[in-house]
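Residue numbering restarts at 1 for every chain, and letters A, B, ... go by the order of the sequence lines.
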Amino acid sequence: MEKSYSRQTDLKWQQKWHETELYKFNVDRIDDKLYCLEMFSYPSGSQLHIGHWYNYGLTDSWARFKRMQGYEVFEPMGFDAFGLPAENYAIKTGIHPKTSTDNNIKTMQQQLRSMGAMFDWDYELATCDLSYYRWTQWLFLQLYKSGLAYRSDAPVNWCPSCQTVLANEQVVSGQCERCDSEIVRKDMNQWFFRITKYADELLADLDSLDWPSRTIAAQKNWIGKSVGAELTFFVSDSELSFTVFTTRADTLLGASYVVLAPEHKLVEIITTPGQSAAVQEYQLQARKQSEIERLATDKEKTGVFTGAYAIHPITNEEIPIWIADYVLASYGTGAVMAVPAHDTRDFEFAKRFNLPIPRVIKAKDGSDDSLPYTDYGIMVNSGQFNGLSSEEGKKAVVEKLAETDAGKFSVNYRLRDWLVSRQRYWGAPIPMIHCDKCGIVPVPESDLPVELPFDVDYKPKGKAPLTTNESFYYTTCPTCGEPAKRDPDTLDTFVDSSWYFLRFPDSNNELEPWNRQLINKMLPVDKYVGGPEHACMHLLYARFITKAFRDMGYLDFDEPFLSLTHQGIILGPDGKRMSKSKGNTILPDSYIEEHGSDVLRLFLAFGYAYTEGGPWDEKGIKAVARFVERVERLVKHVNQLKKTASKVTTEVGKAEKDLNYVRHYAIKGVTQDAERMQYNTCVSRMMELTNALYKYDLNTEVKNVQLMIDCIRDLMLIMAPFAPHFTEEMWHQSGYEYSIFNQRWPKYDEAALVLDTIEIAVQINGKIKTKLDVDTSLNKAELEKLALSEPQVIKFIGDKSVVKVIVVPKRLINIVVK
RNA sequence: GCCGAGGUGGCGAAAUUGGCAGACGCACCAGACUCAAAAUCUGGCGUGGUUUACCCCACGUGAGGGUUCGAGUCCCUCCCUCGGCACCA
């Protein structure tokens with residue numbers, strides 16, 4: 001047999017789909033819309049790799065499945081085109097980022113088209129296009145206007161290799177997310193987005209989302225809510241006071257000293273002359289520490305006594321004030337009350353410096369008298385609070401202090417504001433102007449875009465490259481008209497990607513970033529598919545931007561992505577992550593050339609649990625190629641039978657019923673499993689139906705050809721989302737009307753799934769002893785009677801007596817004997 | 001340490017959510033076709049024991065307990081792997 005599926009088939013149908021505009025989104029059907037989105041591509045130097053196929057190809061299969069179910073599917077594609085890799089490549093090779101990015105986009109467009117996905121290219125966007133980033137700048141201005149973008153002096157994360165600051169989210173255990181360089185802390189004046197304003201809502205709304213639990217957990221961890229109280233301590237012999245944050249107000253009576261962060265503002269004021277040399281030395285040491293040193297949790301506690309004392313707010317006793325680097329200036333109030341008996345860190349510190357360790361909580365059942373004791377318990381040695389549980393005490397102590405304004409309930413978040421400025425070239429310029437007279441002035445919206453100049457020396461020098469382009473950098477103040485300077489920093493690329501899903505449905509709108517009525521209908525995104533590595537970056541930022549623009553009145557929904565799936569990672573054949581340096585990279589191109597793109601797509605569907613991924617397997621792709629050929633032979637064989645079979649029947653006997661059962665079982669299985677993106681079992685069901693058809697053909701002399709035709713028609717339909725070119729070709733060869741993707745998804749018939757007889761298991765005391773073919777029409781009592789009269793069963797029961805019989809229709813009968 | 005996801009044949013994996021563990025496929029073994037090979041087709045394939053064979057028996061989802069007529073699935077205690085957070089008060 002001449003094979004009729006190949007790479008040529010792909011190209012032929014891609015051409016036809018393109019000419020007939022088959023996948024063009026029809027806005028008139030917006031009420032049936034389904035927004036299916038894959039995380040857009042980063043056009044790096046290399047080409048589409050297996051990971052892209054795994055993400056885009058199989059999400060496209062899901063989208064096609066939805067299309068056949070009658071949805072008007074919106075599946076756009078674009079490019080996250082600003083960013084460091086293009087710039088670093090430029091520094092290395094001298095090729096301008098714009099040149100290399102434009103080239104890469106062209107290559108990737110080509111490759112994405114060759115995948116044969118339904119992407120509607122009319123909506124394509126690239127974040128580095130002026131038509132896109134002018135609206136990114138607009139976004140910035142709106143955030144600025146509403147107080148959500150602000151400039152501040154703060155200790156920031158500086159990557160000495162990338163020569164730029166980074167957001168907290170881009171620092172991974174003290175190292176740069178991109179280049180693994182050790183991060184340095186620097187005090188700099190930078191732009192921030194006030195994401196912390198939404199901390200509580202970002203946390204609370206997580207529970208309403210159909211997202212993987214690990215991603216929800218990661219965001220919860222990252223936001224890091226802690227509920228507690230702020231308590232005020234006065235400095236002895238002074239009017240000065242400071243507050244501490246604690247989640248364990250019930251342990252207040254056990255506070256035997258307090259600790260300020262070395263950077264705490266009060267330190268200079270309260271330190272006694274005798275201690276000032278030691279304190280200054282310690283502050284200097286703390287500042288010099290690298291991020292990695294500071295994060296080490298196993299190092300010995302260090303600290304210095306300030307010489308000053310605080311007044312305990314309940315006992316009025318004097319307790320010493322220390323400084324130590326285990327207290328972070330950036331969290332809570334930068335000061336803690338130390339309760340060494342009930343906190344492991346305070347305990348270590350107190351041991352080291354011989355500070356008192358009074359116990360004020362005992363275990364509820366009195367069983368644990370070891371220290372430190374960090375669980376909840378009963379308050380002891382706490383005067384009027386004695387006998388209260390920790391839970392009660394946490395309230396009672398704060399309420400007591402509140403009487404004198406020395407305490408209030410309070411919530412703290414680990415989440416920090418999002419640092420968005422970068423001292424790099426290849427990004428959207430920040431639309432702000434620095435004027436000596438007027439201060440920081442926003443660029444008027446009518447002056448947007450602030451165009452990124454082409455002619456810039458982008459080699460890193462520790463300051464923003466845009467300062468080297470004088471005609472960009474030097475400008476006039478829009479307020480007073482005097483000479484002024486543009487902000488030379490560019491926006492974090494995560495700003496670009498934090499709103500692209502809002503732009504897609506209206507990506508050609510030149511008057512506004514999006515039309516409100518339109519996106520209120522098009523969004524939220526119904527299904528979002530991409531890697532899990534964005535859990536606390538892109539996925540968090542996008543939620544923040546959505547909520548912020550909702551509050552500004554530009555859109556009416558609360559969350560951007562209702563349902564999220566993370567595809568797994570396809571590893572190299574060696575089981576390691578694919579990388580050029582390891583030489584274990586698998587490129588899709590040669591497989592597509594050899595087998596056609598559908599074989600690759602089907603293999604990715606069949607070979608892995610979608611959310612798990614796994615090592616590349618050369619043999620697997622052969623197996624799937626074999627399956628595709630097997631289907632092709634079958635289609636051709638039956639099309640032949642249609643014309644030439646001399647002896648046919650329309651009767652439906654046992655063999656026909658069995659075949660029809662497999663057919664409807666397959667339809668049902670694929671319908672359910674495709675819905676939840678469990679693609680491997682979808683392909684299994686198709687294989688079973690194929691096998692059943694072969695078996696029927698082989699074992700049946702006089703065939704019900706019409707049934708075979710119907711089965712194969714359904715097989716082509718359920719296979720279509722996973723092998724779009726192949727099935728379109730088979731559909732065509734079978735004489736059906738173009739296109740298979742305009743067909744409705746087949747429905748399964750529950751009646752066909754009920755067989756006349758079924759094999760059920762018979763257990764004695766829960767162990768399977770035999771199996772019976774029974775009529776499915778039998779009721780429970782009849783089944784029980786039948787089982788008990790079965791010779792095998794009688795033999796097993798022997799002289800024991802039957803205590804109980806459990807009958808589960810269509811499954812099993814369990815006879816309990818004693 | 002806290003949070004999340006996992007641990008099932010030689011391998012990739014399934015299991016209608018408490019009801020026949022291992023579907024589907026890979027690899028392997030045997031057979032058919034063939035001069036031969038490839039391709040294709042048919043059958044076998046968790047482990048151990050027993051048996052000439054058909055059969056039969058026992059064991060089996062990381063380990064150990066428990067609930068239940070019945071547990072891969074629920075509960076408790078551990079072990080291991082991966083991911084997130086972490087001197088966060």
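Using a 4.0 Å cut-off, no side-chain N or O of A:Lys220 falls inside it from OP1 or OP2 of B:C3. Note on A:Arg626: a side-chain N or O is less than 4.0 Å away from OP1 or OP2 of B:C26. OP1 or OP2 of B:C41 has at least one side-chain nitrogen or oxygen of A:Arg633 nearer than 4.0 Å. Within the 4.0 Å cut-off from OP1 or OP2 of B:A14, not a single side-chain nitrogen or oxygen of A:Gln672 is found.
Note on A:Glu750 versus A:Lys668: salt bridge recorded, some NZ/NE/NH1/NH2 to OD/OE distance being below 4.0 Å. Between A:Lys622 and A:Asp617 there is no salt bridge, since no side-chain nitrogen of the basic residue lies less than 4.0 Å from a carboxylate oxygen of the acidic one.
Of the candidates B:G25, B:A21, B:A89, the closest approach to any side-chain atom of A:Ile768 belongs to B:A21. For A:Arg685, counting side-chain heavy atoms from C-beta on, the closest listed nucleotide (B:A58, B:A23, B:C3) is B:A23. For A:Lys767, counting side-chain heavy atoms from C-beta on, the closest listed nucleotide (B:C59, B:C87, B:A89) is B:C59. Minimum atom distance to the side chain of A:Arg676 is reached by B:U17, of the listed B:C26, B:A5, B:U17. Of the candidate nucleotides B:C26, B:C69, B:G4, B:C26 has the atom lying nearest to any side-chain atom of A:Lys619. Distance from the side chain of A:Arg414 is smallest for B:C85 among the nucleotides B:C85, B:G19, B:C24. Comparing atom distances between the A:Asn221 side chain and each of B:A58, B:G84, B:G19 picks out B:G84 as nearest. Proximity note for A:Arg630 (side chain, C-beta onward) versus B:G19, B:C85, B:C41: the nearest is B:C41. Counting only heavy atoms from C-beta on, A:Lys771 has its side chain closest to B:C20 among B:C20, B:C69, B:A89. Checking B:G4, B:G70, B:C87 against every side-chain atom of A:Asn814, the shortest atom distance belongs to B:G70.
Atom CG of A:Leu783 and atom C1' of B:G19 are 14 Å apart (whole Å). When rounded to the nearest whole Å, the span between OH of A:Tyr610 and P of B:A5 equals 21 Å. Distance CH2 (A:Trp211) to C1' (B:A5): 17 Å, rounded to an integer number of Å. One atom, NZ of A:Lys668, and another, C1' of B:U16, lie 7 Å apart when rounded to the nearest Å. Going from atom CG of A:Asn699 over to atom C1' of B:G43 covers 13 Å, rounded to whole Å. B:G25 atom P lies 8 Å from atom CD of A:Glu688, rounded to whole Å. In this structure, the CD1 atom of A:Ile223 is 17 Å from the P atom of B:G84, given to the nearest Å. When the P atom of B:A13 is taken as reference, atom CZ of A:Phe603 falls 11 Å away, rounded to whole Å.
Outside the 6.0 Å centre-distance limit, the rings of A:Tyr257 and A:Phe353 are not counted as a close aromatic pair. Annotation: A:Phe603 is in aromatic contact with A:Tyr608 [ring centroid separation under 6.0 Å]. A:Trp616 and A:Tyr591 have their aromatic ring centers within a separation under 6.0 angstrom. Taking the centre of each ring, A:Tyr326 and A:Phe349 come in below the 6.0 Å mark.
When heavy atoms are screened at a 4.0 angstrom cut-off, A:Gln219 is found touching no nucleic acid atom at all. Across all strands, A:Phe606 comes closer than 4.0 Å to base atoms (heavy-atom distances). In this structure, A:Asp617 reaches neither bases nor backbone, as no heavy-atom distance under 4.0 Å exists between it and the strands shown. Within the nucleic acid shown, A:Val259 has no heavy atom closer than 4.0 Å to any nucleic acid atom. The residue A:Glu759 sits close to a base: some heavy atom pair falls under 4.0 Å. Contact annotation for A:Gly607: backbone-only contact, meaning every heavy-atom pair under 4.0 Å involves sugar-phosphate atoms and none involves a base. Within the 4.0 angstrom heavy-atom criterion, base atoms lie near A:Val808. Among the protein residues, A:Asn691 comes within range of the sugar-phosphate backbone only, with heavy atoms under 4.0 Å from sugar or phosphate atoms but none that close to a base.
Base orientation of B:U42: anti, since the glycosidic angle falls outside 90° of 0. A syn orientation is assigned to B:G9, its glycosidic angle lying within 90° of 0.
For A:Thr757 and A:Asp773, the side-chain atoms include no donor-acceptor pair closer than 3.5 Å.
Checked by atom type and distance alone, the side chain of A:Lys394 never pairs as donor or acceptor with a backbone atom of A:Gly228 at under 3.5 Å.
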Nucleotide-level pairing of RNA chain B, given in dot-bracket where Watson-Crick and G-U pairs need both distances under 3.5 Å and | marks other strands
(((((((..(((......[....))).(((((.......))))).((((......))))..(((((..]....))))))))))))....

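Within 6.0 Å of atom CZ in A:Arg352, more than 12 heavy atoms from other residues, nucleotides or ligands are found, so the atom counts as buried in its surroundings.
In this structure the side chain of A:Ile806 never reaches within 4.5 angstrom of the side chain of A:Ile815, judged on heavy atoms.
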